[in-house]
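Comments concern the structure below.
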Amino acid sequence: MAPRRHRGKAPEACRSLDDLTAHGLVLEMLAGPLPGIYDPSGPGRMLFGFFAAMAETERESIREATLEGLDAAARKGKHGGRPPVITDDMLHTVLRRRAAGESVEQIRPDLIIPTGKRKGQNPGLASIYRALAEHGKAQAYPEAVETAHADFAALKQRDRARK
């Protein structure tokens, strides 16, 4: 059986411990303050359970810190991910030409990405359709968009007041 690493999943680690016991294998700690061989049916089971619980606690701590960091960045107006490929001007062009009866496939070759890694290339069809879908949602639910903008402005105002 190949060695496995269990990070943050105590139930899975305990199931593996049961598999070790069923096959008559032992747990060997290669490094750390407790190096040695431990029988999974005796004190080794308790030690293994302790390490599994600590790993799960550490994983949860990392997750919480990550979410707090993302929340803090969002409050500052920073959002992860790449910037959208379709600019407002490009979207306006697509909407105008679609209204004139052209298909997205016909419009795509005339669109050029202005910035970023793909600068000077044509956007993908999926990017165009995604931008159209987002525009459609914004048009279908204008009050939700307005509320989101107002909430964001209030957050920015509150953050400025704290400084």
Side-chain angles (χ1 to χ4, degrees), residues 1-19 29-33 48-163:
M1 179 183 279
R4 288 192 214 161
R5 293 186 184 270
H6 296 286
R7 294 194 174 144
K9 298 179 182 173
E12 183 180 318
C14 289
R15 280 193 297 277
S16 293
L17 187 61
D18 292 337
D19 291 342
M29 301 288 185
L30 300 175
F48 197 77
F50 172 76
F51 285 139
M54 291 303 296
E56 190 168 351
T57 302
E58 179 66 16
R59 179 175 174 262
E60 185 62 30
S61 173
I62 290 169
R63 180 181 176 280
E64 287 176 6
T66 300
L67 291 175
E68 286 175 9
L70 289 172
D71 186 44
R75 284 194 306 269
K76 293 178 183 176
K78 308 281 185 192
H79 298 282
R82 291 191 290 177
V85 171
I86 306 296
T87 64
D88 289 339
D89 290 340
M90 292 168 75
L91 180 60
H92 178 73
T93 299
V94 171
L95 291 169
R96 184 175 39 80
R97 289 177 63 180
R98 290 244 352 218
E102 290 184 70
S103 70
V104 172
E105 290 81 5
Q106 293 169 322
I107 300 168
R108 180 181 170 267
D110 297 332
L111 301 175
I112 305 294
I113 299 172
T115 61
K117 186 168 72 173
R118 297 193 53 218
K119 181 179 180 176
Q121 298 178 17
N122 303 109
L125 289 173
S127 296
I128 298 170
Y129 282 118
R130 188 178 314 109
L132 287 170
E134 289 171 5
H135 176 75
K137 284 181 188 176
Q139 296 301 309
Y141 304 103
E143 65 281 347
V145 173
E146 189 60 37
T147 301
H149 285 294
D151 290 347
F152 182 70
L155 282 173
K156 286 177 74 174
Q157 184 74 17
R158 188 182 72 198
D159 287 343
R160 285 188 195 126
R162 287 182 185 173
K163 293 179 182 179

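- Note that the CD atom of Gln139 and the CG atom of Leu132 stand 11.5 Å from one another [nearest 0.5 Å].
- For the atom pair OG1 (Thr93) and CD1 (Ile86), the distance works out to 10.0 Å, reported to the nearest 0.5 Å.
- With sequence neighbours excluded, no residue forms a side chain to side chain contact (heavy atoms under 4.5 Å, CB included) with Thr115.
- Counting only residues at least two apart or on different chains, no salt bridge (charged side-chain N to carboxylate O under 4.0 Å, His left out) pair has a member in residues 128-151.
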Let me have the donor-acceptor pairs involving side chains of residues 119-129, under 3.5 Å, with sequence neighbours excluded, atom names and distances please.
unit_1 : atom_1 : unit_2 : atom_2 : d
Gln121 : OE1    : Arg118 : NE     : 3.0
Gln121 : OE1    : Arg118 : NH2    : 3.4
Asn122 : ND2    : Arg108 : O      : 3.4
Asn122 : ND2    : Pro109 : O      : 3.0
Asn122 : ND2    : Leu111 : O      : 2.7
Tyr129 : OH     : Glu105 : OE2    : 3.4

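- Under a cut-off of 6.0 angstrom, the local environment of CZ in Phe152 is crowded, with over 12 non-hydrogen atoms contributed by other residues, nucleotides or ligands.
- The backbone N or O of Thr57 lies less than 3.5 Å from no partner atom in the side chain of Glu60, so there is not a single donor-acceptor pair.
- When the side chain to side chain contact (heavy atoms under 4.5 Å, CB included) test is applied to Ser61, no partner is found at least two apart in sequence or on another chain.
- Residues Pro114 and Thr87 approach most closely at CG-CG2, 3.7 Å, considering heavy atoms.
- Qualifying side chain to side chain contact (heavy atoms under 4.5 Å, CB included) partners for Arg75, counting only residues two or more places apart in sequence or in other chains: Asp71, Ala72, Arg158, Asp159.
- Among pairs with a residue in residues 89-99, those fulfilling salt bridge (charged side-chain N to carboxylate O under 4.0 Å, His left out) read Arg97-Glu102, Arg97-Asp110, at least two apart in sequence or across chains.
- For Glu56 and Arg59, the salt-bridge test fails: no basic side-chain N is under 4.0 Å from an acidic carboxylate O.
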